[in-house]
K.L.:
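The structure under discussion is supplied below as structure tokens; questions concerning it will follow.
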Amino acid sequence: MSALLVVEDVVKRFGGVAAVDGVSFTLDAGQVLGLIGPNGSGKTTLLGVLAGTHDPTSGKVTLDGRTASGRGAHRAVSAGIARTFQTTRLFGTWTLREALRLAHGERRGRPGWPDEQIANLLGLGDALDRPGASLTSAAQRLAMIALALATGPRVLLLDEPAVGMDGTEAAALAAAVRRAAGELGVAVVVVDHNMQFLMPLADTVLVMAAGAVLASGTPAQIRSDEAVIASYLGEA
Amino acid sequence: MSQVLVNGVFLGCLFAVVAVGLTLVYGVMEVPNFAHAGVIVLSAYTTWSASAAGLPFALAALAGIACGALVSVLTEVLAYRWIIDRPAAAPAVALGLMLILQNVALRLYGGEGRSLDTPYDRVLLRLGGVSLSGVKAALVVLAVVSLLALHLLLSRTSLGRAMRAVAQDREAAAILGIPMRRQYALAFLIAGVLGGVAAIAYAPTFQVSPYMADEVLLSAFVVVVLGGLGSVWGAVAGGLVLGVVEGLGSAYLSPAYQSAFGFLLLVSILVLRPGGLRSTNARRVA
Amino acid sequence: MRSRSAAALVAAAVLTATTACGSPSGSPDSDVVKVGAILSLSGIYATLGPAQKNALQMGVEELNRTGFTVGGRKRTLEISYADDRSDAATTGVTALRELVQSQKVPVIAYGLGSDTYVPQLQRQPVPMVNMLDSSYPGILGLSDHLFLTRGASPTYVPGCLYYAKRKLGTTSISVITAKGEPYGEGLTQLVTKSAQAEGVRIAANSEFPLSSTDYSNAISAAVAAKPDAVYLSSVTAVILPVLKQLRQSGYTGPVIHSAGVNPNQAKAILGAQYDSIMKDNYDCAGTLPTTSQDPAAQAFAKDYQQRYDEYPQDLTMWAHDFPFIVAAAMTKADTVSDPAKIEQALKEIDVPQGTVSGWLPGDGGRLFTDRNARTASEVTAWCPGQDTLRSAMVFDVKDDAVVDPTFPQETCG
Amino acid sequence: MRAHVTALGGAVGLSVLAYLLLTGLSGDQGQVALLVVVWTIALIGLNLIQGLGGYPNLAHAAFFGGGAYLSAVLLDTGLPMTVAALLAVAGVMAAGLVVALVFSRTRGQYFAIGTMFFTAVATLVFTNAADLTGGPNGRPVALGYSLEATVVLLAASVGVGLALFHWASVSRFGDRLRAIRADEDLAQHVGVPTSRVKLLAMVCSAGAAAWAGVLFGQYNGVVAPSQFTFGQSFLMFVALGLGGAGRLLGPAVGAAVVIGLTQLLTLGPGVSQIVLGVLFILVTLLAPEGVLGGVSALARRVRAARTGRADRSVRGEGAVA
């Protein structure tokens, strides 16, 4: 069986600078990929290319054999790739229920959980009818994930989802992501600096430096990789 | 041909002086200051009534510039200051101010055009086959002098450097302890002075009327987008480019569509760079 | 709930607003007869409207001193003035509807915007008497309800070229036109035609958009052709700023136009230098009250100048005569309220008593021939240092050619 | 369901009110009624792109004028009125499509400036293409509909327009536009095809403006460039904001307030405009959600206070008005 998501030699330049410089990897359904690396190493830009936020300068991303990159964010969503952002973004004064309904409406027949179930999964059951802006910042981050899940994704891209969460909250989030991956078969890419959160969650880890892949492997392999320790983990 | 170019440069100087005032305000406050048209109109009328009352032209002109500066600062203190956190509200407030200022002029001075006389009305400069009336030459000189003065202010004084810092990054400037309110007022003060200069420089060629600045303002907005919102030298260069383009288009294609040539320029820029030229000239003054 | 209360709110607001300013409408047969006047009291043509209003006021007062008799009763006239703000299509049409629908006036005097009134006239006909618009092609073809109390451009433009050629020695002329301004565009057509007839070469034909404030391209094109004279095609408020920039550009030759510029306007629009700017200026249009040979016109000119401290333009005498024309038509029609009958009567009346314009009567002594009443034409020249104009040539035009020209002595004041 | 019934009731009610005002008033007052109704129709369109979508569209006066001029020009070629009207609306919608495509990637103030210049150019064309447009002083419009038919169409258009807007507003189209208004990037990332939605909103918006223009021309009998300047675009933009952007009745309230102020306040030249300017600023500063937003906020507060005292439960309310 071929992989669900195939990333082939993706390059993204801004002006003359290559933010992502030839990244390739594959990801299967239900798998969680951790993406780590120092600030400015190109993680968020890579997520952007996967999610259609940016067009790749070269290379391509295929989902189930079909090209998914370079066609804009909404087409990426309709192909089944959804993302969250580093900064919390919800629709201002909208209630979570309204926002989920909109995202759900764009699902176009792809399978997925009902909105209530998504909210419950992320512990947001009580927050459904409250305006997004009135939630705590941790809840807002979860709400953003709920929104992404409501589009019925096959690939979920999370950009620093655990920022500002304490240990318990992060563990609950990790459990929720695991369930989504396991029960819905969603492939997940998680960018985070919080190793206590990320390492137990990820099936494989990809380390980026200066736009390129420095190393990849299981969390255990990465933890012992000297190059990674020297360039990144050691400083952390 | 050279005559057309000279006319283009004259228009360009006019656009530049008005556009620099707009872009300065945009740079520090992100406000599309339509009220600038009203500032120009009130300056011109002040000069006109002072000189009609018998004041020598130079004094009347100073009075006009002072009035422009005062009105401009008032628009900031009374209106723009209160929407600093809501950029979406800026266009409505700007339009409201423009309506108020223009109609105050209409109320005070009536709708018919007035003629502003200058001591250099009948001067005519000739150089080869090119001629330039004294009024237009004076505008070019005033534009160059005031823009140079502005350049010195921005680059050589601490006030100017502070203003550039604010335009660069508002939050960072506030953290550095730059008094923001003073900077806002200062930007409007400078814009008002430049508006006053524009008014006294071009009112003598045209007419003093409540709507005298409408077309110039539109062209100046093209210039501001052309040069990058917030960029002073962009506005100067953009002004000259637009002046020459409009001058050429008007002379060789159709004078009726003079301003349309500027708009075409603007549209092509917005199509190529939806964020204006700002994406390269990120908010900066000077 | 909310939409319903909001709907009520809108309704209430609109109703209060619209009923707040109810206007009384005249009863159909009162002793005070109300007629309408739509004038350009403000805006770009504000050089015209206020003078017309002054003159109308004088005419009404003179008429009402004796009054006029309709249906056996003594009547006086009252004019309801409306300002079209020099924008007939927007404000003027609204004013017309207000006058016709709400105030129910049976006849209306007006100045500009004839074509824009035509659809409304189709819906609700009322005779409209134009006291100003001589543009070419003429306004009378637009609607049967329009009347014109002045000679149209073709009755005076040939005189411009006739005079320029013979008295100024002009063999070539540059024309500068306000594009989009119908009066000016018509003048340019006529000047071109007359120049051809007189054997005067058109050195250059340049134009500027009406809304523009910088005329340098049009002016340099006109001057570069080195003409003997420059003709400026449009109305006073439009051509005077052009004239100023023309003189600033260094042109010193003669300037001809048909705008009816008077000294007050020259001073107001041109500023302190007006006298030197106006030097060598020639204006060909209808006869002026001040330079007219007609004693009634001269007396009116004197009264007007005394009362308003303003030089009377040609259009003031036509405006002055409007109340007398209306009174005569109502008397003849024997109604003060039926627009159709009054319209018919206008076509049949003779030159009324009390008028001062020196009307040239048509067949059978009728005032209007083909809904047009006219006076003689005249070329006037600016008198430097004296704030006044002198008559340079009085003439009439038949078949596009100048006839019966007379040349008064070339003296000012 | 309740929401639909009240919205439809409001639409029918306003239609009837429009008819009564147009037939009951004459002269100056009739002109005010005409302008309020015409602006309401045009602003219902603007309420899609600007009200729901949050795009400050300053091309609306150009579309409005485009409908008026185009129908007048087409009528002169001898086409039947209804054909001329439909072609004019279609032509303007095509222009709207072009404008939307050209400025599709610009946002916020850049979109405002870009569309403002579109209107400025349109005004230049209205002013200078004198053979077709009659030049700066305007042109008469051949009367294709009788006055009675025009009045009925005007009144009906208000109701139909409001009903269509309500339907669009509660449909997914409305949600998508509101999402674009709230956060366009996020909207894209939950799958909203933002470009397509904006194009559709802009084209529908232009169509409503053009239809309003056609009817305005038929009623007024004359059109002129001064009626379709970027200043008018601005007034429309502000009128919608004043009434309540995105709210069903925002257009009607905004049109009534702005037209009422500009036409009815005869405080001497200029003064009504000064009052208007002060009002813009005050409403922008004090009631960012417009008059209707202010009213409903006030109503909420009053109701909250009352239920607090009497301990009654608050009834659910529709998301309209």
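Per chain, numbering begins at 1; letters A, B, ... match sequence-line order. The figures here come from the full heavy-atom set of this structure, side chains too, leaving out hydrogens, waters and symmetry mates.
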K.L.:
Which bit of D:Arg176 is near chain A, if near means a heavy-atom gap under 4.5 Å: side chain, backbone, both or neither?
P.N.:
both

K.L.:
Please round to the nearest 0.5 Å and tell me the distance separating atom NE2 of A:His74 and atom CZ of D:Arg196.
P.N.:
5.5 Å

K.L.:
What is the minimum heavy-atom distance between D:Val190 and A:Ala103, and which atoms define it?
P.N.:
CB-CB, 4.0 Å

K.L.:
Please round to the nearest 0.5 Å and tell me the distance separating atom NE2 of A:His104 and atom CZ of D:Arg172.
P.N.:
10.5 Å

K.L.:
What part of A:Ser78 lies closer than 4.5 angstrom to a heavy atom of chain D: side chain, backbone, both or neither?
P.N.:
neither

K.L.:
Which pair of non-hydrogen atoms, one from D:Asp183 and one from A:Phe91, has the smallest distance, and what is that distance?
P.N.:
O-CE2, 3.5 Å

K.L.:
Do other residues, nucleotides or ligands put more than 12 heavy atoms under 6.0 Å from the CG atom of A:Asp129?
P.N.:
yes

K.L.:
Taking side chain as everything from C-beta outward and backbone as N, CA, C, O, which of these in A:Ala148 sits under 4.5 Å from a heavy atom of chain D? Side chain, backbone, both or neither.
P.N.:
neither

K.L.:
Is it true that A:Thr53 and D:His189 share a donor-acceptor pair across their side chains at a distance under 3.5 Å?
P.N.:
yes

K.L.:
Based on non-hydrogen pairs under 4.5 Å, which of A:Arg107, A:Arg101, A:Met144 is most in contact with chain D?
P.N.:
A:Arg101

K.L.:
Given that the side chain runs from C-beta out, which part of A:Arg75 has a heavy atom under 4.5 Å from chain D: side chain, backbone, both or neither?
P.N.:
neither

K.L.:
Crowded around A:Arg178 CZ? As in, over 12 foreign heavy atoms under 6.0 Å?
P.N.:
yes

